[in-house]
Q: 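Here it is, the structure in full.
Excluded from the calculations below are hydrogen atoms, water molecules and symmetry mates; all remaining heavy atoms, backbone and side chain alike, are included. Because the structure is a prediction, the values reported are computed rather than measured.
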Amino acid sequence: MPVDRPEAVPDARRPHRIAGGQPGLLAPGATTDPYRLRLYRLLRTEYPLGYDPALDAWLLSRYVDVALALTDPRFTGYPHDGAPRGRAPVPLGLCRGAQVCAPPAVSYRTVEPAVERTAYVLARRIVGRDRADLVADFCRWLPTGAAAAAAGLSYPGVNGRTGGEPHRRTGGGADDCARSTALREHALASFLANMLDDPDLQAAATPGATAPHASGTLLDRAWAETLRRDPPVQIVLRRTRTEVPVSGGTLPAGAPVACLIGAAGRDPARFTAPDRFDPLRADADTLLTGPAHCPAARLGRLEAEHGLRALLTAMPGIRWADGFRPVAGGLLTRSPRTLLVRPS
């Protein structure tokens, strides 16, 4: 019996069914791995439109329907009309969905060197250890330092010597989108997991291994591919303003809609070999990465680039700890909770 058929899933791993046989989004085990449970696949193939009473929302899991909900003016923000609608920014990727994504108070020409410097400081702290957890020792610190730089703040705790709250260096400050670091921590952890898990990609991204422009292009594509394959935010809520036909039926007016970003990003009707991490894929799509001009999205991209380069420069022999493999967890937000490495 083919292993990818729902019937082949052991009873303990089958998604819990609700009325009508539809799998429940908040089923036991789904928060651990909705991909392994084949929850997303079942929803895409058998229940492309269904109501989940536990979430109190209609579920959209196919790429074509999720794309419609994210871009069509018949959908608005949830839970109120003032939230972003149509092609305005939505809480997608790293964006928190502010209607006006204002740039930070400090120029990115000032922020980028600070991000690079912070990444190298953090990487050097790990050198010489027998084992380190990149999530705890790197991913949780780098976005904090970047947010402080974007807001014109100094953060004495980022170098690990002192603690305390950020202290203002200059006037003004970044908006909430840039100051919030939790989603960028998740995205950075997934990006590092994907890149360090592939020796060829790791070698191609190593500073000095290739031309800077070629390396930058690879990292751009790898970052976008991470947000498609392993989005930090798995579910985006919208609301219909009127009845809207979708592939599984018709959404009623005024209905809360849960766009399953994690399912849409791995829809085989849109992406070839959707479970494979492939920065060079020909069918790349930026829709699911969020607005490119969002301060959080720009900071996340800088953190990914300079974070990986700092690690590979400080620890060219970095590899997974013996017996470790990166495993993502979570449903509403998702990323590896640990990344255990041997620095050399």
Q: Just to verify, which of R140, R184, R309 counts as forming a salt bridge (charged side-chain N to carboxylate O under 4.0 Å, His left out) with E303?
A: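 Per the salt bridge (charged side-chain N to carboxylate O under 4.0 Å, His left out) rule, the option paired with E303 is R184, out of R140, R184, R309.
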Q: What are the two closest heavy atoms between W223 and A304, and how far apart are they?
A: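 That would be CE3-CB, 3.4 Å.
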Q: With sequence neighbours left out, what residues match T313 under side-chain contact (heavy atoms from CB on, under 4.5 Å)?
A: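 In terms of side-chain contact (heavy atoms from CB on, under 4.5 Å), with neighbours along the sequence ignored, T313 is linked to Y120, P207.
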Q: Can you list the residues that meet the salt bridge (Lys or Arg N to Asp or Glu O under 4.0 Å) rule with R270, with sequence neighbours excluded?
A: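 With sequence neighbours excluded, R270 shows a salt bridge (Lys or Arg N to Asp or Glu O under 4.0 Å) to D285, given in chain and number order.
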Q: Is there a side-chain contact between T226 and F277 (heavy atoms, below 4.5 Å)?
A: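 Yes, at least one pair of side-chain atoms sits under 4.5 Å.
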Q: With R276, which residues qualify under salt bridge (Lys or Arg N to Asp or Glu O under 4.0 Å), at least two apart?
A: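 Residues passing salt bridge (Lys or Arg N to Asp or Glu O under 4.0 Å) with R276: D278.
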Q: Applying side-chain contact (heavy atoms from CB on, under 4.5 Å), can you list everything that pairs with R74, at least two apart in sequence or on another chain?
A: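 Per chain and number, R74 pairs via side-chain contact (heavy atoms from CB on, under 4.5 Å) with L68, D72, T242, V244, P245.
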Q: For W141, does the six-membered ring have the charged nitrogen or CZ of R125 within the cation-pi criterion, i.e. under 6.0 angstrom from the centroid and within 45° of the normal?
A: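 Output yes; distance and angle both within limits.
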Q: Got W320 and P326 here, is their nearest side-chain heavy-atom distance under 4.5 Å?
A: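 They are in side-chain contact.
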Q: Taking side chain to side chain donor-acceptor pair (under 3.5 Å) as the test, write out the residues that go with E225, two or more places apart.
A: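 By the side chain to side chain donor-acceptor pair (under 3.5 Å) rule, E225 matches R228, R281.
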Q: Between side-chain atoms of residues 337-344 and protein atoms elsewhere (two or more places apart, or another chain), which donor-acceptor pairs fall under 3.5 Å?
A:
{"from": "R337", "atom 1": "NH1", "to": "G329", "atom 2": "O", "distance (Å)": "3.3"}
{"from": "R337", "atom 1": "NH1", "to": "S335", "atom 2": "O", "distance (Å)": "2.9"}
{"from": "R337", "atom 1": "NH1", "to": "S335", "atom 2": "OG", "distance (Å)": "3.1"}
{"from": "R337", "atom 1": "NH2", "to": "G329", "atom 2": "O", "distance (Å)": "3.1"}

Q: Keeping to residues at least two apart or across chains, list the ring-ring contact (aromatic ring centres under 6.0 Å, His included) pairs with something in residues 224-243.
A: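 Those involving residues 224-243 do not exist here.
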Q: Got L192 and F138 here, is their nearest side-chain heavy-atom distance under 4.5 Å?
A: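 Touching, per the 4.5 Å side-chain cut-off.
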Q: Sequence neighbours excluded, which residues qualify as salt bridge (Lys or Arg N to Asp or Glu O under 4.0 Å) partners of E185?
A: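 If we apply the salt bridge (Lys or Arg N to Asp or Glu O under 4.0 Å) test to E185, skipping adjacent residues, there are no hits.
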Q: Just wondering, do H306 and E112 contact through their side chains at under 4.5 Å, heavy atoms?
A: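 Yes, side chains in contact.
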Q: Could you list the residues that satisfy side-chain contact (heavy atoms from CB on, under 4.5 Å) with Q234, not counting sequence neighbours?
A: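 Counting only residues at least two positions away or on another chain, Q234 forms a side-chain contact (heavy atoms from CB on, under 4.5 Å) with Y35, Y40, P231, R334.
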Q: Does one hydrophobic cluster hold both V236 and V64, with members joined at side-chain heavy-atom distances below 4.5 Å?
A: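 Different clusters.
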Q: Applying side-chain contact (heavy atoms from CB on, under 4.5 Å), run through V246 and W58 and close with a yes or a no.
A: CA-CA 11 Å; V246 292; W58 293 84; over 6 Å; no
Q: Going by an N to O cut-off under 4.0 Å, is there a salt bridge joining D220 and R301?
A: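 Result for this pair is yes, salt bridge flagged.
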Q: CG of L201 to CG of L196: how many Å apart, nearest 0.5 Å?
A: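 If I round to the nearest 0.5 Å, the distance is 10.0 Å.
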Q: Determine whether a donor-acceptor pair (N or O, by modelled atom type, separation under 3.5 Å) exists between the side chain of T181 and the backbone of P143.
A: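 Here the side-chain-to-backbone pair does not exist.
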Q: Output every pair passing salt bridge (charged side-chain N to carboxylate O under 4.0 Å, His left out) with a member in residues 255-267, not counting sequence neighbours, ordered by first then second residue.
A: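 The answer is D230-R266, R266-D275.
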Q: Do T333 and P232 make a side-chain contact, defined as non-hydrogen atoms from C-beta onward lying under 4.5 Å apart?
A: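 Sidechains of P232 and T333: no contact.
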Q: Checking L332 now: which residues fulfil side-chain contact (heavy atoms from CB on, under 4.5 Å) with it, not counting sequence neighbours?
A: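 Per chain and number, L332 pairs via side-chain contact (heavy atoms from CB on, under 4.5 Å) with I235.
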Q: How many angstroms lie between CD in Q202 and CG in L308, if you round to the nearest 0.5 Å?
A: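 One gets 7.5 Å once the value is rounded to the nearest 0.5 Å.
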Q: According to salt bridge (Lys or Arg N to Asp or Glu O under 4.0 Å), who are the partners of R129, at least two apart in sequence or on a separate chain?
A: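 By the salt bridge (Lys or Arg N to Asp or Glu O under 4.0 Å) rule, R129 matches D137.
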